[in-house]
Amino acid sequence: MMEIKARNWLQQIREKFGFTQEEVATRSGISRTTYASIEQGYRKPSVATAKKIAKALQFKWTSFFE
């Protein structure tokens, strides 16, 4: 059984900026479905993807791996 660990902190940062998942995905250069899967905890981002999302939302990319 796959453990689902929602990234509530990621959703909170996104909402603080007033962005939709689509907007973050576009700013990050990834698909909306990929971003949504990461935010919901179904997927772990690669380092490259983590850096793109973190840049778009202005936080430290290593937060994904803590």
Side-chain angles (χ1 to χ4, degrees):
M1 185 171 166
M2 182 178 170
E3 179 185 341
I4 299 172
K5 184 182 176 194
R7 293 185 172 90
N8 294 333
W9 60 268
L10 184 56
Q11 181 179 351
Q12 289 171 355
I13 293 171
R14 174 177 60 78
E15 290 175 347
K16 181 183 80 172
F17 283 96
F19 293 154
T20 63
Q21 289 182 342
E22 182 73 41
E23 288 171 319
V24 175
T26 299
R27 289 169 177 267
S28 303
I30 60 175
S31 72
R32 188 204 59 80
T33 54
T34 297
Y35 177 78
S37 294
I38 292 167
E39 184 177 287
Q40 294 165 2
Y42 291 107
R43 292 180 62 170
K44 290 184 179 181
S46 65
V47 169
T49 299
K51 287 180 177 182
K52 290 176 184 179
I53 294 169
K55 184 175 179 183
L57 292 175
Q58 302 173 18
F59 66 89
K60 197 172 162 188
W61 68 272
T62 54
S63 298
F64 281 107
F65 307 104
E66 291 173 355

Self-check item: F17 and F19 aromatic ring geometry - parallel, tilted or perpendicular at 30°/60° bounds
Solution: parallel
Exercise. Hey, could you give me the CD/OG distance between Q21 and S37, rounded to the nearest 0.5 Å?
Key: 9.0 Å
What side-chain donor-acceptor pairs closer than 3.5 Å can you find for residues 45-58, not counting sequence neighbours?
from, atom 1, to, atom 2, distance (Å)
S46, OG, T49, N, 3.1
S46, OG, T49, OG1, 3.1

Self-check item: Contacts of R27 that satisfy side chain to side chain donor-acceptor pair (under 3.5 Å) - sequence neighbours left out
Solution: none
Practice problem: Evaluate the ring planes of W9 and F59, with Trp represented by its six-membered ring, and classify them as parallel (under 30°), tilted (30 to 60°) or perpendicular (over 60°). | Solution: perpendicular
Quiz prompt | Atom pair CD1 (I38) and OG1 (T33), whose distance is rounded to the nearest 0.5 Å | solution = 9.5 Å
Quiz item: Taking atom OG1 of T34 and atom CD of E39, what is their separation to the nearest 0.5 Å?
Solution: 13.0 Å
Quiz item: Taking the side chain as C-beta and beyond, is there a heavy-atom pair between L10 and Y35 under 4.5 Å?
Solution: yes
Quiz item: Where is the tightest heavy-atom contact between R43 and R7, given as atom of each residue plus distance?
Solution: O-NH1, 3.0 Å
Quiz prompt | For Q11, all residues meeting side chain to side chain donor-acceptor pair (under 3.5 Å), sequence neighbours excluded | solution = E15
